[in-house]
There are 2 protein chains.
Amino acid sequence: MDSGMKLVKIYECLCDATRLRILSVLGQGPLCVCHFQEILREPQVKISKHLSYLRTRGLVVYERVGNWMVYELPAKPSPELRANLACLQDCAREDAVFQRDLARLKKLAPKFAETSPCCGGACAPAAKK
Amino acid sequence: MDSGMKLVKIYECLCDATRLRILSVLGQGPLCVCHFQEILREPQVKISKHLSYLRTRGLVVYERVGNWMVYELPAKPSPELRANLACLQDCAREDAVFQRDLARLKKLAPKFAETSPCCGGACAPAAKK
DNA sequence: TGACTATATTCCAACAACGGAATATGGATA
DNA sequence: TATCCATATTCCGTTGTTGGAATATAGTCA
């Protein structure tokens, strides 16, 4: 499984639909777990476990903001990761599942910004000013 | 597992080192199973099973030439597949494992062309004229 | 036809991934 | 301190993946 190959580890992270959706949404900006839940419409355990999976493999980083854990893509990804994330964003444009997620993100962003303390700060793309 | 998502199926194919090596080498041209064995230095079962895995998922196609099964990348891959294969070829350049495979391919190509009937035809990159 | 060659398939054991239910953790707040 | 909230972790059953040994298949050649 391990094989030590960097590329394999990246692809292992990419071969699950939930994780792809997480990474796709993260392409728009940082987000906390409860917002992932709303956007992907998946239970907390599922989201949390997949984020944990991605975290331990370096595909995402996180920061605590009060009770919230705000996840985002690494600032300086390896060339391999950078290339594959770009490729993913590209391909994701074609698929209805990703489109729906992004549409929900767009729709919910203002609400997130108002109602969630974590989003006054880093969370939600609306925060990028 | 299934999830129906096209992208996931592609990534599932890419998350194994042997399959990545196969696809990397196939980037240079068609090849038969026994030549994969020599280049990757892996046993026949392993090669054959991974080729079968890739075949059933549409990442490779094959043609029978006498006793030999000559595999190659699909002529008209889907946009997703095309993008990811390009990305893979790119990333593979950086990794020693792929480099060694390609070096062995280059070294062995002439020998293949002489000694293997299958390579008078489609097999081995030397055949691209 | 029978032997040979290249490849595929089956059987099996070890192991990892996935999801959900329940529970734990840790910071915030009263 | 007790409580609440967001999130993480553990436990567990199901299912998929991997690799190797042995065996099967299907062309080819004598």
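Proteins get letters first, then strands, A, B, ... in listed order; numbering begins at 1 in each.
If you measure from atom CG of B:Leu51 to atom C1' of C:dA8, you get 11 Å, rounded to the nearest angstrom. For the pair A:Trp68 CH2 and C:dG26 C1', the computed distance is 13 Å after rounding to whole Å. Atom CZ in A:Arg64 sits about 16 Å away from atom P in D:dC5, given to the nearest Å. The distance from atom OH of B:Tyr11 to atom P of C:dC18 is 15 Å, rounded to the nearest whole Å. The distance from atom OH of B:Tyr62 to atom P of C:dT9 is 8 Å, rounded to the nearest whole Å. To the nearest angstrom, P of C:dT7 lies 12 Å from CZ of B:Arg55. Rounded to an integer number of Å, the gap from CD of B:Glu42 to P of C:dT7 is 16 Å. Atom CD in B:Glu12 sits roughly 11 Å away from atom C1' in C:dA17 (whole-Å rounding).
Taking only side-chain nitrogens and oxygens, B:Ser48 comes nearer than 4.0 Å to OP1 or OP2 of C:dA8. At least one side-chain nitrogen or oxygen of B:Arg19 sits closer than 4.0 Å to the OP1 or OP2 atom of D:dT18.
Here the side chains of B:Asp101 and B:Arg104 are in contact, with some heavy-atom distance below 4.5 Å. Looking only at side-chain heavy atoms (C-beta outward), B:Asp90 and B:Arg93 come within less than 4.5 Å of each other. For the pair A:Leu23 and A:Val60, the minimum side-chain heavy-atom distance is below 4.5 Å. You'll find the side chain of A:Tyr53 stays beyond 4.5 Å of the side chain of A:Ile22, heavy atoms only.
For A:Tyr71, the ring pair (Phe, Tyr, Trp, His ring centres under 6.0 Å) partners at least two apart in sequence or on another chain are A:Tyr62.
Looking at heavy-atom distances under 4.0 Å, A:Tyr71 makes contact with sugar-phosphate atoms alone, never a base. Contact annotation for B:Val45: base contact, defined as any heavy-atom pair under 4.0 Å involving a base atom.
For A:Gln44 and D:dA8, a side-chain-to-base donor-acceptor distance below 3.5 Å is present, hydrogens and geometry of angles not being considered. For D:dG19, its base sits under 3.5 Å from the side chain of B:Lys49 at one donor and acceptor pair at least.
Of the two residues near DNA chain C, A:Gly66 and A:His50, the one whose nearest nucleotide lies more 5' is A:His50.
Side-chain proximity of A:Cys34 to the nucleotides D:dA6, C:dT7, D:dT28 is greatest for D:dA6. You'll find that the side chain of A:Asn67 is closest to C:dG27, out of C:dG27, D:dG19, C:dT9. Side-chain proximity of B:Tyr53 to the nucleotides C:dA17, D:dG27, D:dT18 is greatest for D:dT18.
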